[in-house]
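A quick write-up on the structure given underneath.
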Amino acid sequence: MALEQNSAAHVHVSGDVLEDFVLIFRELVSKYLDIGEDLNVPDDFTQSEMQSGMWWRHLAAGGFAGAVSRTCTAPLDRLKVFLQVQSTKQRISDCLQYMLKEGGVQSLWRGNFINVLKIAPESAIKFAAYEQVKRLIRGNDKRQLSIYERFVAGACAGGVSQTAIYPLEVLKTRLALRKTGQYSSILDAATKIYRREGLRSFYRGYIPNMLGIIPYAGIDLAVYETLKKKYLSHHETEQPSFWLLLACGSASSTLGQVCSYPLALVRTRLQAQAVTIGTQNPADGIAAVEPNMTNVFKRILQTEGPLGLYRGITPNFIKVLPAVSISYVVYEYSSRALGVNMT
């Protein structure tokens, strides 16, 4: 298996089992474990990979694997978004039937193109920001960053990349929820939203999205650090198997999602709510109050209860296994095609 061969390469580079585990685990989570979420901590590449230029091939292979994975699981992603914006409890089957009846089978992929399109700029900006923040933290030292320093670097990188590509996130949500014939293209959607709602609409839900980075990145790092130490306390010299790494990666990602999901749901609802410029309340003639994060949280808790904050999480969990499997297989083949050294 290529992952095991690559593990041997890392052993040769670092000569330290502890560091090898971190590198292999980080590689699995960051490159293979693509479930359509963009809040994970960026890749840590070895010094030899950075000097040889092999890092960009890993990023390219990972990006292509993510594009294929997201496309294959796009119906589940759209179903999740559709459930998130419902204020009343609806079954998954009812939502699926509605989407099929309203737009046919092809409608299940609405919003997928822009979801794939944003992978490249998001990954590039996040990687560049992550490397820059790590340099600032390390200064002139060549030491490895601690878990807390990696968390800070990862959270900062996520904040920078999400700020840059956030308008694409809003467009993805609007396109996923659009009705047949509402928008003819991404440009048409962007133009109509701008004319009706103004520039601010492209950053609707920005605050809960930024807040969601902290628990997601923090738990992602904390869980794999804990699992790493647990494993090494019983297997000091034995390299972990692919299936163990897959289980650890799935666990960290799942826990990160559970803790950050309420913020993601509020973000989606804010993105989906269109507030037209100059809208007047017919009852008193004053401008309608735009929804904000606090108002949406209160409304959900009052009308739907605490479980309302997790509406749509089921299809999000269902897509994890196929997304991981597809990402892994595609990454293996695309890596070889790009000439990534596996020996």
Side-chain angles (χ1 to χ4, degrees), residues 36 38 70 74-75 77-88 90 95 98-104 106-119 121-122 125 159 161-212 262-300 303-304 308 311-312:
D38 299 316
R70 293 186 188 198
D77 193 60
R78 190 189 178 216
L79 184 59
K80 176 196 73 174
V81 173
F82 199 89
L83 286 167
Q84 283 180 327
V85 300
Q86 302 302 312
S87 59
T88 57
Q90 291 195 23
C95 291
Y98 171 81
M99 289 189 292
L100 290 172
K101 184 178 180 180
E102 193 278 329
Q106 68 272 18
S107 70
L108 298 179
W109 275 265
R110 284 178 183 170
N112 178 64
F113 180 72
I114 197 165
N115 194 31
V116 170
L117 193 66
K118 68 185 178 69
I119 290 177
E122 197 271 344
I125 295 170
S161 62
Q162 284 291 296
T163 299
I165 60 96
Y166 195 76
L168 297 180
E169 291 277 0
V170 175
L171 281 172
K172 173 210 163 188
T173 299
R174 293 295 184 90
L175 288 168
L177 295 171
R178 78 183 188 274
K179 294 183 179 180
T180 302
Q182 186 174 356
Y183 304 121
S184 60
S185 64
I186 294 175
L187 181 60
D188 180 54
T191 302
K192 287 181 178 178
I193 293 171
Y194 174 74
R195 288 175 178 172
R196 294 172 182 171
E197 305 171 44
L199 188 60
R200 287 180 58 191
S201 65
F202 290 101
Y203 279 90
R204 197 178 302 283
Y206 175 78
I207 293 177
N209 188 68
M210 290 296 103
L211 293 176
L263 288 166
L265 182 139
V266 171
R267 175 201 65 191
T268 301
R269 290 205 178 182
L270 287 170
Q271 290 174 342
Q273 291 177 350
V275 180
T276 306
I277 298 174
T279 298
Q280 299 290 314
N281 187 328
D284 50 23
I286 61 174
V289 178
E290 289 196 24
N292 57 42
M293 182 179 70
T294 305
N295 291 339
V296 174
F297 260 119
K298 288 180 179 178
R299 191 181 309 130
I300 292 173
T303 60
E304 306 170 50
R311 193 178 303 283

* **Distance (rounded to the nearest 0.5 Å) between Arg299 CZ and Thr294 OG1** => 11.5 Å

* Asked: Roughly how far apart are Leu265 CG and Gln84 CD, rounded to 0.5 Å?
  -> 5.0 Å

* To do: Answer whether the closest heavy-atom distance between the side chains of Asn295 and Asn292 falls below 4.5 Å.
  => yes

* Which atom of Val81 lies closest to which atom of Ala176, heavy atoms considered -> CG1-CB, 4.5 Å

* Carboxylate-amine/guanidinium proximity below 4.0 Å for Lys172 and Glu122 -> no

* List the steps and the verdict of side-chain contact (heavy atoms from CB on, under 4.5 Å) for Ile300 and Arg269. => CA-CA 10 Å; Ile300 292 173; Arg269 290 205 178 182; 3.5 Å; yes

* Considering all heavy atoms of both residues, which atom of Ser201 and which atom of Ile193 are nearest to each other, and what is their separation? -> OG-CG2, 3.3 Å

* To do: Can you sort out the partners of Lys179 under side chain to side chain contact (heavy atoms under 4.5 Å, CB included), two or more places apart, ordered by chain and number?
  => Tyr98, Glu102, Gln182

* Measure from the side-chain N and O atoms of Ser107 to the backbone N and O of Met99, and report whether any donor-acceptor pair falls under 3.5 Å. => yes

* Start with the C-alpha distance between Leu168 and Leu117, add both sets of side-chain angles, then the distance that settles side-chain contact (heavy atoms from CB on, under 4.5 Å), and finish with yes or no. => CA-CA 9 Å; Leu168 297 180; Leu117 193 66; 5.5 Å; no

* Is the side chain of Tyr166 donor-acceptor paired with the backbone N or O of Arg204 at a distance under 3.5 Å, no angle test? -> yes

* Asked: Just by modelled atom types, is the Asp77 backbone N or O under 3.5 Å from a matching donor or acceptor in the Arg70 side chain?
  -> no

* Asked: Quick one: does Arg311's side chain have a donor or acceptor within less than 3.5 Å of a partner on Gln86's backbone?
  -> yes

* **Any side-chain donor near an acceptor of the partner, Thr163 and Tyr206, under 3.5 Å** => yes

* Of the non-hydrogen atoms in Leu83 and Gly312, which two are nearest, and what is the gap between them? -> CB-CA, 3.7 Å

* Answer yes or no: is there a side-chain heavy-atom contact under 4.5 Å between Leu263 and Phe297? => yes

* Give a yes or no answer on whether the side chain of Arg267 reaches the backbone of Pro208 with a donor-acceptor pair at less than 3.5 Å. => no

* Structure fact -> Output for pair (Arg174 CZ, Gln273 CD), nearest 0.5 Å, gives 9.0 Å

* To do: Report yes if the side chains of Leu108 and Leu79 come closer than 4.5 Å at any heavy-atom pair, otherwise no.
  => no

* Is the shortest side-chain N to carboxylate O distance from Asp188 to Arg178 below 4.0 Å? -> no

* Could you walk me through whether Leu199 and Tyr194 pass the side-chain contact (heavy atoms from CB on, under 4.5 Å) test, one step at a time? => CA-CA 6 Å; Leu199 188 60; Tyr194 174 74; 4.1 Å; yes

* Just wondering, more than 12 heavy atoms not from Ile207 lying within 6.0 Å of its CD1? -> no

* **Check: Asn112/Asn115 side-chain N/O donor and acceptor closer than 3.5 Å** => no

* Which heavy-atom pair separates Ala272 from Val85 by the least distance, and what is that distance? -> CB-CG1, 3.8 Å

* Asked: Within a reach of under 6.0 Å around CZ of Phe113, are more than 12 heavy atoms found that belong to other residues, nucleotides or ligands?
  -> no

* Asked: Going from CD1 on Ile119 to CD1 on Ile165, what distance comes out if it is rounded to the nearest 0.5 angstrom?
  -> 10.5 Å

* Start with the C-alpha distance between Arg110 and Thr180, add both sets of side-chain angles, then the distance that settles side-chain contact (heavy atoms from CB on, under 4.5 Å), and finish with yes or no. => CA-CA 10 Å; Arg110 284 178 183 170; Thr180 302; 2.7 Å; yes

* To do: Check whether the side chains of Glu169 and Asn209 place a donor and an acceptor atom closer than 3.5 Å, and report yes or no.
  => no

* **Backbone N/O of Ala190 and side chain of Tyr183: donor-acceptor pair under 3.5 Å** => no

* CZ of Arg78 to SG of Cys95: how many Å apart, nearest 0.5 Å? -> 10.0 Å

